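A quick write-up on the structure given underneath.
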Amino acid sequence: MKGDENLEGIIDNLENALNTWSAQLAEIWSLLTQDPENFRGGNIWKIIVRIHGSLKAIGLALLVLFFLYGLVKETTSLRDIKRPEMGLKLFLRFVIARALVVYGMEFMTSLFRISQGIISNIVNAVGIGSAPSATLPQEIIDAVKDASFLESIPLWAVTLLGSVFITILSFVMILTVYGRFFKLYMYAAVSPIPLAAAASESTQNIPISFMKSYAGVCLEGALIVLACVIFSAFSSSPPTVRTGASAVSMVWSYIGELIFNMLILVGTVRLSDRLVKEMVGL
């Protein structure tokens, strides 16, 4: 009876690790397919909107300073300002910069919705409505249940190490996706300050870099979903089970191939920001 309980514990250990992995994948899928406004009931977004509103006044003040700085640097005398083309150029720059500061949140939200449309198209194209889940093959369960007491000792070691590694990978992956989600919040909150630099030609690289970086964060979601879709196709058939080998060899081979597959997905998710920069230079 004691041996049976030990063997059941081995199976439970593996199943719990796979359930943790599947749960984290499902949460990633949920994060990537929802808007920041609806995350956790929208309470975080309300705070971000208040912070953005308070920084908008600072952004407008900086807008005037950047404009005056550009005016002094770009013009050598009052005659230059009186020229119609120069006056029109300065006026348009000021109007555009002010629009970016005042309506920056709406503009950034529109960019995010475009990225969400890309994600929806990817999901609809492959017909996957939820994240792929991992289950323990019946052959592994039967082999563990038929194992002797001596075999259960190395089985415990193998499954314990495998379970710990799988759990760590799942949390590394979910932390990456949460980090991307929080970056969206931070960009939206502080946007009035970098966007105010558009008022001067000398500092226009600041808002350009800011918006390019924000667009890259938005596109990270599409690459992460694409990685999950590829992983789903890659792992559509479970790892090979060596039915003719001992229980320890079967479990070791299965866990090794399973972790290899998971490492591919976690590595791709972790490198999504770098992939965006390499693909489109954002």
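On a predicted model such as this, the values are computed, not experimentally measured, just so you know.
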Which pair of non-hydrogen atoms, one from [X] and one from [Y], has the smallest distance, and what is that distance?
X: Leu184; Y: Cys218; answer: CD2-SG, 4.0 Å
X: Phe66; Y: Ala196; answer: CD1-O, 3.5 Å
X: Ala97; Y: Leu63; answer: CB-CD1, 3.3 Å
X: Cys228; Y: Leu25; answer: SG-CD2, 4.4 Å
X: Ala189; Y: Ile51; answer: CB-CG2, 4.0 Å
X: Asp273; Y: Arg270; answer: OD1-O, 3.4 Å

Check the hydrophobic clustering (I, L, V, M, F, W, Y; side-chain heavy atoms under 4.5 Å; chains of links allowed) and say if [X] and [Y] are grouped together.
X: Met186; Y: Phe107; answer: no
X: Leu65; Y: Ile206; answer: no
X: Leu271; Y: Ile264; answer: no
X: Val102; Y: Phe94; answer: yes
X: Ile193; Y: Ile47; answer: yes

Return the [atom1] to [atom2] distance between [X] and [Y], rounded to the nearest 0.5 Å.
X: Trp45; Y: Thr109; atom1: CH2; atom2: OG1; result: 4.5 Å
X: Asn205; Y: Ile208; atom1: CG; atom2: CD1; result: 5.5 Å
X: Ile259; Y: Leu161; atom1: CD1; atom2: CG; result: 8.5 Å
X: Leu175; Y: Met173; atom1: CG; atom2: CE; result: 10.5 Å
X: Ile224; Y: Leu219; atom1: CD1; atom2: CG; result: 11.0 Å
X: Leu100; Y: Met211; atom1: CG; atom2: CE; result: 7.5 Å

Heavy-atom check, side chain of [X] versus side chain of [Y], under 4.5 Å:
X: Glu15; Y: Asp12; result: yes
X: Leu62; Y: Ile58; result: yes
X: Thr268; Y: Leu226; result: no
X: Val269; Y: Ile28; result: no
X: Ile166; Y: Thr20; result: no
X: Arg180; Y: Leu32; result: yes
X: Leu14; Y: Ile255; result: yes
X: His52; Y: Ser191; result: yes

With no hydrogens and no angle check, is any side-chain donor or acceptor of [X] less than 3.5 Å from a backbone partner on [Y]?
X: Ser163; Y: Leu160; answer: no
X: Thr203; Y: Ala197; answer: yes
X: Tyr214; Y: Met108; answer: yes
X: Ser213; Y: Phe210; answer: no
X: Arg98; Y: Leu60; answer: no
X: Lys56; Y: Val101; answer: no
X: Thr159; Y: Trp156; answer: yes

message = Surrounding OH of Tyr178 (heavy atoms of other residues, nucleotides or ligands, distance under 6.0 Å), is the total greater than 12?
response =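 It does: Tyr178 OH has more than 12 such atoms within range.
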
note = Sequence neighbours excluded, the answer for ring pair (Phe, Tyr, Trp, His ring centres under 6.0 Å) partners of Phe181 is Phe39, Tyr185

message = With side-chain contact (heavy atoms from CB on, under 4.5 Å) as the criterion, how do Ile174 and Leu31 come out once you've worked through the C-alpha distance, each side chain's angles and the decisive distance to 0.1 Å?
response = CA-CA 10 Å; Ile174 192 66; Leu31 285 173; 4.2 Å; yes

CA sep, side-chain torsions, deciding dist, call: Arg93, Ile96, side-chain contact (heavy atoms from CB on, under 4.5 Å) = CA-CA 5 Å; Arg93 178 176 292 277; Ile96 292 173; 5.9 Å; no

key: For Glu37, side-chain hydrogen bond (donor to acceptor under 3.5 Å, both in side chains) partners two or more places apart   = Arg113

